[in-house]
Amino acid sequence: MSVTQQQVLEQLAGVTSPRGVALTNANVLSPITVSDGKVFFSINVDAAEARAWESVRAQAESAVRAIPGVTAAMIALTAERRPGTAAPPQPHRHAAGGGVAPVSTHRPPQGAQSPMSRQAEIPGIAAVIAVASGKGGVGKSTTALNLALGLRDLGLRVGLLDADIYGPSVPRLTGIREKPALNDDKKMIPISRFGLSIMSIGFLVEEDTAMIWRGPMVMSAITQMLRDVAWGTLDVLVVDMPPGTGDAQLTLAQNVPLKGAIIISTPQDLSLIDARRGLAMFRKVNVPVLGIVENMSYFQCPHCGTRSDIFGHGGARHEAERLGVPFLGEIPLHMAIRTTSDSGNPVVESEPDGPHAAIYRAIGAEVRDQLRGVIAAA
Ligand SMILES: Nc1ncnc2c1ncn2[C@@H]1O[C@H](COP(=O)(O)OP(=O)(O)O)[C@@H](O)[C@H]1O
Ligand SMILES: [Mg+2]
């Protein structure tokens, strides 16, 4: 049985907005995506009203999940306000809207670490770290997954969150095809693979589904993946960030409770410039940069093992020194890394005794050492 948009709209008509009208008449819904039983849309509201809408979002989600044939629903609440700027006072709006108390009076003070705060720690997770890059295609996802496996090999409990909503590649890199189930608290249960707890927006929407994400929607979807997922107890949650240093990435860096960030760069100059932007971005939001990794650092011939520095290797190490951030290591450009990644069997898992696994573990050890004090087990 296939679910239709019409069915979704009919269900949503039964949900009442804080303004007292049906959700479908409140002029807040984004286009609704229905694909293979998975439903995704956002509710776009004024930032000042966001808290009053949170329960509506939850009701809408339950209503959609109740439709026979719906296997997953992700409904993002997006607030039209740039983070860091105070919401303009709007006392009259609420009065005119009728009946709803001004939500601003219930707000915690700005910057407070209330459990509602987007910066609040995630219970059970000792350290959330971002793997970022200035541009796409530098091997960010490959590195994030293999690094997560390297950390696992060090005896840590590790999760991986694929937050690259523009191109979620973790389903492909891990070969995961199933959809996350919900627990009794209606939280998504991450998929367990290779001893990692894994969550990706790609489990809910197809990798090639062309989706136009606006900044606030990105944030909302990621907040939901961080907080509405039953992660359990983790030492480290590795977040595969969307590539680039635009607004969406900045918002993310600002709103996810990050203990640190790792920048992936290739040796080419352009990529290093992009890496510098990444560094500046994290510094701007006071997230410590744990270091730079040089990926596709040198070419290693799969036949004879000979090393060629085809890109003029070493740039990232120099750059790291110059910028005063740790250099975490260099990963060769090697056929085995690509083929294992693309077949859903990452190299640290498929060739645990090989040279590449050793490199990822060494980078993992550096990262763990830097998180000492944050991770109890480290
Ligand atoms: N060190 C490497 N050696 C060989 N291929 C690599 C390496 N790192 C990444 N790749 C390949 O490069 C492509 C892009 O990598 P990916 O991790 O998806 O990049 P990003 O997440 O930055 O877009 C993939 O096909 C991947 O298998
Ligand atoms: Mg990627």
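Counting starts at 1 for both ligands and their atoms, following the listed order. Values below: every heavy atom of this structure, side chains too, minus hydrogens, waters and symmetry copies. Note that the coordinates shown come from a computational prediction; the quantities given were computed from them, not determined experimentally.
Below 3.5 Å of separation, one finds an N or O of T142 facing an N or O of ligand 1. At a 3.5 angstrom cut-off on N or O pairs, M335 does not count as close to ligand 1. Any N or O atom pair closer than 3.5 Å counts here, and S169 shares no such pair with ligand 1. Taking distance alone, with nitrogen or oxygen atoms compared against 3.5 Å, K140 approaches ligand 1 more closely than that limit.
Of the protein's heavy atoms, G139 N, 3.0 Å lies nearest to atom 19 (O) of ligand 1. The nearest heavy-atom contact from the protein to atom 27 (O) of ligand 1 is R338 CG, 3.2 Å. Looking only at heavy atoms of the protein, atom 6 (C) of ligand 1 is closest to M296 CE, 4.1 Å.
In summary, the atoms of ligand 1 found under 4.0 Å from a heavy atom of D342, numbered by their order in the structure, are 25 (O), 27 (O). For ligand 1, the atoms sitting less than 4.0 Å from at least one non-hydrogen atom of H334 are 3 (N), 4 (C), numbered in the order shown with element in parentheses. In the vicinity of L333, heavy-atom distances shorter than 4.0 Å reach the ligand 1 atoms 3 (N), 4 (C). Residue contact check: I331 has heavy atoms under 4.0 Å from atoms 1 (N) of ligand 1. Remark: ligand 1 atoms within the under-4.0 Å shell around heavy atoms of S341 are 27 (O).
Ligand 1 is approached by G137 to a heavy-atom distance shorter than 4.0 Å. Close to ligand 1: P332, with a non-hydrogen atom less than 4.0 angstrom away.
In terms of hydrophobic clustering, with Ile, Leu, Val, Met, Phe, Trp and Tyr side chains grouped at heavy-atom distances under 4.5 Å, I189 and V158 are assigned to different clusters.
Compare V293, I337, N295 by their heavy atoms: the one nearest to atom 8 (N) of ligand 1 is in N295.
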Q: Decide yes or no on side-chain hydrogen bond (donor to acceptor under 3.5 Å, both in side chains) for N345 and S343, but give the supporting numbers first.
A: CA-CA 6 Å; N345 205 6; S343 66; 5.7 Å; no

Q) Does the side-chain contact (heavy atoms from CB on, under 4.5 Å) test come out yes or no for V238 and L161, once each step is laid out? A) CA-CA 6 Å; V238 176; L161 170 60; over 6 Å; no

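The distance from the Mg ion (ligand 2) to the nearest N/O/S atom of T142 is not under 2.8 Å.
The heavy-atom pair separating F194 from T174 by the smallest distance is CZ-O, 3.9 Å. Looking at every heavy atom in both residues, V15 comes nearest to A63 through CG2-CB, 4.0 Å. Here the closest heavy-atom approach between residue F41 and residue L12 is recorded as CZ-CD1, 3.5 Å.
A side-chain N or O of S141 and one of D240 form a donor-acceptor pair less than 3.5 Å apart. In summary, the side chains of E61 and Q224 do present a donor paired with an acceptor at a separation below 3.5 Å, with no hydrogens or angles considered.
Residues R193 and E349 are not paired through a salt bridge, judged by the lack of any N-O separation under 4.0 Å between the basic side chain and the carboxylate. A salt bridge is absent between R317 and E294: the closest approach of a Lys/Arg side-chain nitrogen to an acidic carboxylate oxygen does not fall below 4.0 angstrom. The pair R361-D153 counts as a salt bridge, with a side-chain nitrogen and a carboxylate oxygen less than 4.0 angstrom apart.
Protein heavy atoms all stay at least 4.0 Å away from atom 13 (C) of ligand 1.
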